[in-house]
Amino acid sequence: MTPGERNAILALLNSASVTEPTRRALVERLDARYERQFFDEAEFAVLRAVAIRLVPHDPDEMDLTGTVDHRLHSGVGDGWRYDAAPPDGEAYQALLSALPAGFETLESVAQDAAIHAVGISHPHAFEDLLAELTEAFMAHPLTQYRFGYVGFADALNWLYAGPNELEAQEEAYGPR
Amino acid sequence: MVPADLLPTDLDVLVIGTGAGGAPLLARLAQAGLRVAALEAGVRHPPGGIATDEIAQAGIFWMDERLSAGQNPVSFGRNNSGRGVGGSTLHYTAYTPRAQADDLKLRTEFGVGQDWPLEFADLEPYYDELEFFLGVSGPAEYPWGPPRRRAYRHPPLPLNGAARLMARACAEIGLRTSPAANAALSRPQDQPGYGIRHACTNRGFCQAGCSVGAKASMDVTFLALAEAHGARIVDGAQATALTMKDGRVTGAEFMRGGEVEHLGAKTVILAAGAVETPRLLLMNGLANSSGQVGRNFMAHVGVQVWGQVEDDLRPYRGIPGGLISEDTHRVPGLIGGYLLQSLGVMPVTYAVQYARGTHQWGPELVRHLSGYRHVAGINMLGECLPSEHNYLELSDELDGRGLPKPRVHFSFGENERKMADHAEALMRDLWDRIGARDVWALPRAAHTLGTARMGADPETSVVNPSGRTHDIENLWICDNSTYPSSLSVNPALTQMALSLRTADALLKELKRV
Ligand SMILES: Cc1cc2nc3c(=O)[nH]c(=O)nc-3n(C[C@H](O)[C@H](O)[C@H](O)COP(=O)(O)OP(=O)(O)OC[C@H]3O[C@@H](n4cnc5c(N)ncnc54)[C@H](O)[C@@H]3O)c2cc1C
Ligand code: SF4
């Protein structure tokens, strides 16, 4: 994240346009970094490589892999599981171990082919992991900034709701 | 003042769960002077503490793991059920259409499904009362169903991008649309027991909780009224067992902060929702002489069709569900029917649905998501027939409290499949007409219904038409589990009507004794 991006994000989050509960959640997420606790080191390296292929991102900017590890370590679930699937952590571990040895060092084309294969052999784990990474990606303030999303500016009314009826905030926020 | 953790004694009625089923009757009974209390597994979420952020708001959903089986496994968690003082109304989108009279008579009309053991006329006065009390915003003339005796209290909310596009597309093929009825305020309203509720600020986050009290969730409406009349709400308290003596229920055990406690009452009303209510009954082996507890689980056919347009829509603005059409209420070849609703959407919800619905990944996924501001959605919500194949059972896996996790089997039958296909084709056509690109459909089932159906016959139903269990004289059920059929409309308003009706029946009964 460039200093310019960071400044723009913090300027809006710290402005009077955002309520305190929303600000707290987003400022914390902007810099969230997690210690690896659930996966072992080798698994974690593979998971990170998979995550970068599934939802392209720079891990120095947002710690999506750490978010998954943290969630599993803390035992928080999303409220349901396919009956046919083992608990999330085990299911992810099985998916990771089904990838070819040295996955992290493969060329991206070979990585993609391997991911396609586990998507077929481990369909539920694949869908759950993809969904979880996508969630962490979309919820990140940096992603939201880059996509020009400003819906968290919740201290004001949105006066208009129709197509192309943008308010100043919406015009101004996001990359030029 | 009584210390907050001191439990009430000598309760007339104990209610378990504070959602659309539990809250209205709690208020009604308190207003009538009964000593009442509610146990609620979740905690309070005062509007001022609610973040406009989907992750931070995970706490308003029921996140204990449920196992989903069958051909069309139902997703729970953020998709399908709430937890907190207010229940699922904390996160409902506040669409409040009324059921139509023929919704209640499916078996009479089609020879399949189930008739409800009551008439539209039984619900109508409650609908009138509720729409006024909650402050429903809606059109002056609603085109479907019998004419209304009492107008909606407030004018409709502004239509967002998806709603306007849907209106245009429907007009092209001659489908009538109307601004929907939303239980969210287009003007401020004085709420008895609560104070002033503000008008909707158009921030589009209904599903993550309303931070201004505009949305009629139970906490800012019936529960506030109930507490003003002396009702006690014990939050963070999950009922784990019903206690019995001589064939009568005597109260409930519950877990609060790791401790097991007990609350006694003369009458108990289970309002824990269509998964937790049958789970509790099955764990206790109660009220099941019919064998119907856990049976006939239903979830509305709920396909969503999404597309992206040139216009900058900002789908987070405006009430998410602004427009409706009930012109598909009856469609030749289908049993029952469906309705169409426009959809706004929050960014993370959209992204996760897209990932699950399309399995798209890599650069293409990010490209699609970067178009979030241009997303417009439309969905259908349609009849789901009760079926032998769809049921809830206790699994061998235990949850964090040592209780068996529920397993829910769900598969579409032929009518559900036909209806989903019919609606998807129609919605794709509509979105083609507005020039949407990247159109994709999310097959989906919404709402948890059935599992403790009401009926006149104790052999085939769990509760009578008033909501009292056939087996246990002082145990009642009031939540979505009692639905004999799914209805072709969103369930919350009808649930609240049933709740007031159950309260009136109970009051009448108590007077007679
Ligand atoms: C995302 C979403 C959007 C929706 N949108 C709409 C809409 O626009 N219009 C509409 O009509 N409907 C909508 N609904 C459905 C509507 O919210 C439900 O139909 C309605 O709230 C169900 O009422 P209920 O009383 O059965 O259950 P709930 O409202 O879910 O209440 C059950 C309560 O019981 C508590 N509980 C459960 N077990 C226990 C226990 N053991 N001890 C103590 N407490 C317990 C729960 O925590 C919960 O608070 C929506 C639902 C969802 C999930
Ligand atoms: S859109 Fe309106 S009703 Fe919905 S959460 Fe926002 S302010 Fe509340």
Side-chain angles (χ1 to χ4, degrees), chain A residues 18-26 28-29 53-57 75-85 87 112 115 119 123 126-128 130-139 143-144 146-154 156-167 170 174, chain B residues 48-56 61-69 73-81 158-161 164-165 201-205 211 309 311-314 316-318 322 346-348 350-352 354-356 359 361-363 365-366 369-370 372-373 395 400 407:
Chain A
V18 179
T19 63
E20 185 51 38
T22 306
R23 174 181 308 128
R24 214 180 307 130
L26 289 172
E28 193 184 300
R29 196 173 307 142
R53 298 308 303 165
L54 282 180
V55 185
H57 68 283
V76 178
D78 64 355
W80 69 287
R81 186 179 104 218
Y82 288 112
D83 186 47
D112 286 357
I115 289 177
F126 174 81
E127 182 187 316
D128 286 344
L130 174 64
E132 185 163 6
L133 291 165
T134 302
E135 173 174 306
F137 173 76
M138 198 70 172
T143 305
Q144 299 188 346
R146 287 179 178 160
F147 290 177
Y149 165 78
V150 64
F152 54 81
D154 57 350
L156 311 165
N157 285 3
W158 293 118
L159 296 176
Y160 309 108
N164 306 314
E165 296 178 344
L166 298 191
E167 295 176 32
E170 297 174 291
Chain B
I50 286 181
T52 302
D53 180 82
E54 297 152 84
I55 304 292
F61 295 96
W62 189 275
M63 289 304 206
D64 289 359
E65 195 163 82
R66 293 166 175 171
L67 304 177
S68 298
V74 179
S75 55
F76 294 100
R78 260 184 267 178
N79 244 314
N80 254 326
S81 36
L159 296 181
N160 69 3
R164 295 194 205 183
L165 295 174
T201 55
N202 287 320
R203 58 186 258 292
F205 262 62
S211 59
V309 295
D311 289 326
D312 199 344
L313 297 181
R314 310 271 172 165
Y316 52 84
R317 292 182 311 177
M346 307 177 291
V348 174
Y350 180 74
V352 173
Y354 181 74
R356 283 197 187 274
H359 292 184
W361 53 276
L365 170 67
V366 173
L369 297 182
S370 71
Y372 164 72
R373 294 179 316 185
S395 75
R407 180 188 289 118

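Residue numbers begin at 1 in each chain, while the letters A, B, ... track the order of the sequences. Keep in mind the model is a prediction, meaning the values are calculated, not measured. All values below were derived from every heavy atom in this structure, side-chain atoms included, with hydrogens, water molecules and symmetry-related copies excluded.
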(request) Compare every heavy atom of B:Val366 with every heavy atom of A:Phe147, then report the nearest pair and how far apart it is. (result) CZ-O, 4.0 Å

(request) Under 4.5 Å, counting heavy-atom pairs only, tell me which of B:Pro73, B:Ala51, B:Ser211 racks up the most with chain A. (result) B:Ala51

(message) For chain B, which candidate among A:Val76, A:Thr22, A:Leu26 shows the most heavy-atom pairs at distances under 4.5 Å?
(response) A:Thr22

(request) Answer yes or no: does atom CD of A:Glu28 have more than 12 heavy-atom neighbours from other residues, nucleotides or ligands under 6.0 Å? (result) no

(request) Please test A:Leu166 against B:Arg314 for side-chain contact (heavy atoms from CB on, under 4.5 Å), starting from the C-alpha separation and ending with a verdict. (result) CA-CA 9 Å; A:Leu166 298 191; B:Arg314 310 271 172 165; 3.6 Å; yes

(message) Counting C-beta onward and ignoring hydrogens, is there a side-chain heavy-atom pair between A:Asn157 and B:Asn202 closer than 4.5 Å?
(response) no

(request) Using a cut-off of under 4.5 Å on heavy-atom pairs, state which of B:Ala69, B:Ser68, B:Gly161 scores highest against chain A. (result) B:Ser68

(message) Please classify the contact between A:Arg29 and chain B as side chain, backbone, both or neither, with a heavy-atom cut-off of under 4.5 Å.
(response) side chain

(request) Can you see which heavy atom on A:Thr134 is nearest to which on B:Ala355, and at what distance? (result) OG1-CB, 3.6 Å

(message) What I'd like to find out is whether the side chain of A:Asp112 reaches to under 4.5 Å of the side chain of B:Trp361, using heavy atoms alone.
(response) yes

(request) Hey, could you give me the CD/CG distance between A:Glu165 and B:Leu313, rounded to the nearest 0.5 Å? (result) 11.0 Å

(message) On a heavy-atom basis, which atom in A:Ala161 and which in B:Leu159 lie closest, and how many Å separate them?
(response) CB-O, 4.0 Å

(message) Between B:Asp53, B:Asn80, B:Leu365, who has the most heavy-atom pairs with chain A when the cutoff is under 4.5 Å?
(response) B:Asp53

(message) If you count heavy-atom pairs within less than 4.5 Å of chain A, which of B:Val74, B:Asn160, B:Leu165 leads?
(response) B:Asn160

(request) Enter the distance from B:Met346:CE to A:Phe152:CZ here, rounded to the nearest 0.5 Å. (result) 15.5 Å

(request) Measure across B:Arg164 and A:Pro163 and return the closest heavy-atom pair with its distance rounded to 0.1 Å. (result) CD-CD, 4.0 Å

(message) Within the structure provided, determine whether B:Leu369 and A:Thr143 are in side-chain contact (heavy-atom separation under 4.5 Å).
(response) no

(message) If you count heavy-atom pairs within less than 4.5 Å of chain A, which of B:Ser75, B:Gly400, B:Ser81, B:Gly322 leads?
(response) B:Ser75

(message) Nearest 0.5 angstrom please: A:Asp154 CG to B:Phe205 CZ, how far?
(response) 8.5 Å

(message) For the CG atom of A:Asn164 and the CG atom of B:Asp311, what is their distance to the nearest 0.5 Å?
(response) 4.5 Å

(message) Keeping B:Arg317 on the side-chain end and A:Gly162 on the backbone end, is there a donor-acceptor pair under 3.5 Å?
(response) yes

(message) Within the 4.5 Å heavy-atom criterion, are A:Glu135 and B:Ile55 side-chain neighbours or not?
(response) yes

(request) Measure distances from B:Tyr372 to the heavy atoms of chain A and classify the residue's part below 4.5 Å as side chain, backbone, both or neither. (result) side chain

(request) Look up atom CE in A:Met138 and atom OG in B:Ser370, then write down how far apart they are to the nearest 0.5 Å. (result) 8.5 Å

(message) Under the rule for side-chain contact (heavy atoms from CB on, under 4.5 Å), what residues qualify as partners of A:Glu167, not counting sequence neighbours?
(response) A:Trp158, A:Leu159, A:Tyr160, A:Glu170

(message) Quick check for you: among A:Val18, A:Ile115, A:Leu133, which has the greatest number of heavy-atom pairs under 4.5 Å with chain B?
(response) A:Ile115

(request) For B:Arg356, check side-chain contact (heavy atoms from CB on, under 4.5 Å) against everything at least two apart and list the hits. (result) A:Asp78, A:Trp80, A:Glu127, A:Asp128, A:Ala131, B:Val352

(request) Name the member of B:Pro158, B:Ala351, B:Gly318 that forms the most heavy-atom pairs with chain A at distances under 4.5 Å. (result) B:Ala351

(request) Side chain from CB out, backbone as N, CA, C, O: work out which of these in A:Glu20 comes under 4.5 Å of a heavy atom of chain B, or both, or neither. (result) neither

(message) For chain B, which candidate among A:Pro56, A:Ala136, A:Ala153 shows the most heavy-atom pairs at distances under 4.5 Å?
(response) A:Pro56

(request) Heavy-atom distances under 4.5 Å only: say whether A:Val150 touches chain B with side chain, backbone, both or neither. (result) both

